[in-house]
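Note sheet for the following structure.
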2 protein chains.
Amino acid sequence: MDEKEIRYAQDALYVLSGKWRMPVILALHNGLRRYREIAQSIPGITFSMLSKELQIMELNNLVLRMEDPDFPKHVEYKLTEYCESLYPIVESLVNWGREHRKVIST
Amino acid sequence: MDEKEIRYAQDALYVLSGKWRMPVILALHNGLRRYREIAQSIPGITFSMLSKELQIMELNNLVLRMEDPDFPKHVEYKLTEYCESLYPIVESLVNWGREHRKVIST
DNA sequence: CCGGATCCAACGAGATACTG
DNA sequence: CAGTATCTCGTTGGATCCGG
């Protein structure tokens with residue numbers, strides 16, 4: 001491991017970090033597509049926060065935004081396949097975090 | 001994946017995030033043990049920052065601090081085996097981050 | 001030599017009000 | 001319905017000074 005690889009790791013961490021990143025990914029992963037639906041499924045999030053999250057995620061190719069040209073206010077979001085390439089990492093984070101709770105609580 | 005698992009993942013992210021966490025882990029991984037050595041191997045870090053990092057990491061059982069009772073100011077640090085359980089995650093972060101650079105730069 | 005304490009700056013998060 | 005703009009605030013990161 002060298003300094004360049006550290007920067008790669010930090011880039012990846014940046015993509016996953018932040019208070020709402022994981023909850024938004026979960027909501028989309030669970031099949032929610034509409035803005036309002038997504039917001040309501042995440043306790044505590046505001047429209048403002050969700051708006052910012054989706055913009056950043058779109059820039060990072062994690063999310064696809066699709067607006068129906070015939071019904072201009074009908075918008076749907078979905079995770080990209082690229083975002084799904086994160087799942088193995090997320091899973092290993094979950095497993096490590098579960099064990100970590102036990103270690104810290106002792 | 002549910003909300004509880006998201007919290008586990010966020011706990012794990014918390015352990016790995018922050019500007020200096022990964023560089024410090026790397027320095028220790030590379031065999032550096034003395035406070036001054038570690039600080040000098042990480043460009044840009046201050047003693048103050050390193051001090052805080054090591055304290056937090058010790059609390060999370062990532063680092064072991066050993067003070068020689070005969071030479072009170074001779075202190076050595078090393079990663080715990082527990083910290084090494086993070087390596088698979090770090091490696092997958094590095095690999096994903098490397099690919100991500102290519103995706104974003106296009 | 002190995003830090004702790006204190007104070008300041010930068011950034012991310014949130015509340016609120018407003019728009020097409 | 002689906003957002004955006006702005007402002008405030010708390011947290012994290014950093015500089016500097018001080019002490020065992």
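Note that this is a predicted model, so its numbers are computed, not measured. Chain letters run A, B, ... following the sequence lines, proteins first, then strands; residues in each count from 1.
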Sequence neighbours left out, what passes side chain to side chain donor-acceptor pair (under 3.5 Å) with Tyr8(B)? Give chain and number order. none
Whole-Å distance separating the OH atom of Tyr77(A) from the P atom of dA2(D): 9 Å
Between the protein and nucleotides 5-10 of chain D, are there any N/O to N/O pairs under 3.5 Å, and if so, what are the atom names and distances?
| residue | atom | partner | partner atom | Å |
| --- | --- | --- | --- | --- |
| dA5(D) | N6 | Ser48(A) | OG | 3.3 |

Which residues pass the side chain to side chain donor-acceptor pair (under 3.5 Å) test with His29(A), not counting sequence neighbours? Tyr87(A)
With Arg36(A) via side chain to side chain donor-acceptor pair (under 3.5 Å) - residues at least two apart: none
Tell me what Ser51(A) touches on the nucleic acid: a base, only sugar-phosphate, or nothing, going by heavy atoms under 4.0 Å. base
For dT12(D) and Trp20(B) - does any side-chain N or O of the residue sit under 4.0 Å from the phosphate oxygens OP1/OP2? no
Got a sec, which residues hit salt bridge (charged side-chain N to carboxylate O under 4.0 Å, His left out) with Glu58(A), two or more places apart in sequence or on another chain? none
Listed by chain and number, what are the salt bridge (charged side-chain N to carboxylate O under 4.0 Å, His left out) partners of Glu91(B), not counting sequence neighbours? none
Inter-end axis angle, the helix from dC1(C)-dG20(D) to dG20(C)-dC1(D), with every axis fitted to five base pairs (rounded, 10 degrees): 40°
Test of understanding: with side chain to side chain donor-acceptor pair (under 3.5 Å), list the residues that count as partners of Tyr14(B), not counting sequence neighbours. none
Which of residues 24-34 of chain B have a heavy atom under 4.0 Å from DNA chain C? Arg34(B)
Where along residues 9-19 of chain B does a heavy atom come under 4.0 Å from DNA chain D, residue by residue in number order? Gly18(B), Lys19(B)
On DNA chain C, reading 5' to 3', which nucleotide is the first and which the last to sit with an atom under 4.0 Å from a heavy atom of chain A, could you check? dA13(C) to dG20(C)
Within the pair Arg65(A) and dG3(D), is there a side-chain N or O less than 4.0 Å away from OP1 or OP2? yes
Other members of the hydrophobic cluster containing Met66(A), with the 4.5 Å side-chain heavy-atom rule, please. Leu64(A)
